[in-house]
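Side-chain atoms are counted along with the backbone in the values below, which use heavy atoms only and exclude waters and symmetry mates. We name chains A, B, ... by the order of the sequence lines, and we start the count at 1 in each one.
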Amino acid sequence: MLAFFHILKFIQGICCSFVKITHPPESEAVLLERAHQMAGLSLSDIAHSLNVHVPNNFKRHKGWTGQLIETHLGATAGSKPIQDFAELGIELKTLPLSYALKPLETTYVCYAPLVNISNLQWETSNVKNKLQKVLWIPIEGERDIPPKERKIGSPILWQPTELQNEILRQDWEELMELIALGKIESITARIGEVLQLRPKAADGSALTQAIGLDGEMIHTRPRGFYLRKSFTEQILEDAF
DNA sequence: AGCTGATCATAC
DNA sequence: GTATGATCAGCT
């Protein structure tokens with residue numbers, strides 16, 4: 001694949017010096033410029049400039065890479081349910097890649113609402129809002145590459161095509177319909193062409209309210225929306 | 001081997 | 001608990 005060669009080229013790029021960034025980017029151009037400057041750098045390069053320690057693995061630091069990149073690029077949203085760069089209308093996502101330069105993991109989008117959902121619509125949904133415009137940061141993600149050595153790739157500023165948007169809408173509507181009908185317990189990660197619903201919690205003891213089969217309130221594990229690897233792989237291919 | 005369901009850290 | 005950042009790891 002010629003396409004992948006380009007990503008590889010960027011990922012294996014030569015490290016260059018960079019300036020520590022702490023203030024939010026004032027424009028899309030500035031954000032993109034900063035993102036491009038990270039290409040070819042390792043996680044330890046970024047961590048060193050921010051004076052943070054790089055974990056030896058991510059078993060107990062699963063969101064570490066995302067937080068590191070967020071801080072470096074000047075994101076400020078924190079844990080609020082909005083885009084990372086709300087003023088710019090851009091969401092930031094790191095994307096762990098295999099040696100074959102394909103996504104190693106699905107991509108978390110947002111928490112799934114399970115109650116008070118009768119009036120929710122795709123157009124104003126959290127999923128659509130978050131995916132309007134995404135700055136993808138590909139990063140080497142194979143487990144046998146120590147986090148310190150993992151290199152950051154060239155960023156991809158992506159917006160869903162009409163077709164992608166339509167498929168996302170269909171998946172979202174199908175899943176939300178099942179939730180509204182009280183079928184939350186029968187929803188598996190196999191449903192949805194590009195968007196899937198999976199548990200999203202600290203552990204199995206976490207419970208939240210949902211609609212039961214007879215319309216009554218029940219308790220269930222919290223869920224989140226995730227993008228399948230095949231979907232982000234396509235984004236990657238389209239970009240190169 | 002890849003996927004689904006489970007899990008980890010942190011802020012509020 | 002909700003919500004962010006995700007990856008882990010057992011099972012098929």
Practice item. Check whether any side-chain nitrogen or oxygen of A/Arg228 sits under 4.0 Å from OP1 or OP2 of B/dT4, and answer yes or no. Key: yes

Check your understanding: Base, sugar-phosphate, or nothing: which does A/Gly66 touch, judged by heavy atoms less than 4.0 Å apart?
Key -> sugar-phosphate

Review point. Measuring from A/Arg169:CZ to A/Trp122:CH2, what's the distance to the nearest 0.5 Å?
Key: 9.0 Å

**Study point:** Donor on one side chain, acceptor on other, A/Thr220 and A/Glu185, under 3.5 Å
**Key:** yes

Practice item. Take atom CD of A/Glu70 and atom P of B/dT10, then tell me their distance rounded to the nearest Å. Key: 15 Å

Point to revise | Passing option when A/Met176 is tested against A/Ser125, A/Ser118, A/Pro113 for side chain to side chain contact (heavy atoms under 4.5 Å, CB included) | key: A/Pro113

Check your understanding: Should the pair A/Trp158 and A/Phe231 be assigned to parallel (<30°), tilted (30 to 60°) or perpendicular (>60°) ring geometry?
Key -> perpendicular

**Study point:** Strand contacts (DNA chain B) in residues 180-210 of chain A, 4.0 angstrom heavy-atom criterion
**Key:** A/Thr188, A/Ala189, A/Arg190, A/Gln196, A/Arg198, A/Pro199, A/Lys200, A/Ala201, A/Ala202, A/Asp203, A/Gly204

Practice item. For A/Gln83, report the nucleic acid contact type (base, sugar-phosphate, nothing); a contact means any heavy atom under 4.0 Å. Key: nothing

Exercise for review: Identify the 5'-most and 3'-most nucleotides of DNA chain C with at least one atom closer than 4.0 Å to a non-hydrogen atom of chain A.
Suggested key: C/dG1 to C/dA9

Exercise for review: Apply salt bridge (charged side-chain N to carboxylate O under 4.0 Å, His left out) to the pair A/Lys133 and A/Glu28, showing each step before the final yes or no.
Suggested key: CA-CA 11 Å; A/Lys133 194 179 269 193; A/Glu28 180 177 300; 2.8 Å; yes

Review point. Atom CG of A/Leu175 to atom P of B/dT4: distance rounded to whole Å?
Key: 13 Å

Practice item. Please answer whether the main-chain N or O of A/Gly224 pairs with a side-chain N or O of A/Arg198 as donor and acceptor at a distance below 3.5 Å. Key: no

Revision key, fill the gap. To the nearest 0.5 Å, atom NZ of A/Lys93 lies from atom OH of A/Tyr108 at 7.5 Å

Point to revise | Interatomic distance, A/Ile90 atom CD1 to A/Gln159 atom CD [nearest 0.5 angstrom] | key: 8.5 Å

Practice item. Select base, sugar-phosphate, or nothing to describe what A/Thr65 touches, counting heavy atoms under 4.0 Å on all strands. Key: nothing

Check your understanding: What nucleic acid atoms does A/Arg143 come within less than 4.0 Å of, heavy atoms only: base, sugar-phosphate, or nothing?
Key -> base

Exercise for review: Just call it for A/Phe58: base, sugar-phosphate, or nothing, with non-hydrogen atoms closer than 4.0 Å on any strand.
Suggested key: sugar-phosphate

Review point. Given atom CG of A/Asn57 and atom P of B/dA9, what is their separation to the nearest angstrom?
Key: 11 Å

Study note, to complete from the structure: note: A/Tyr226, atom OH; B/dA6, atom P; distance rounded to Å ~ 11 Å

Revision key, fill the gap. Heavy-atom nearest pair, A/Ile82 first then A/Glu91, reads O-OE1, 3.9 Å

Exercise for review: Could you check how far CZ of A/Arg223 sits from P of B/dT4, rounded to whole Å?
Suggested key: 14 Å

Study note, to complete from the structure: On DNA chain C, more 5' by nearest nucleotide between A/Arg60 and A/Ala112 is A/Ala112

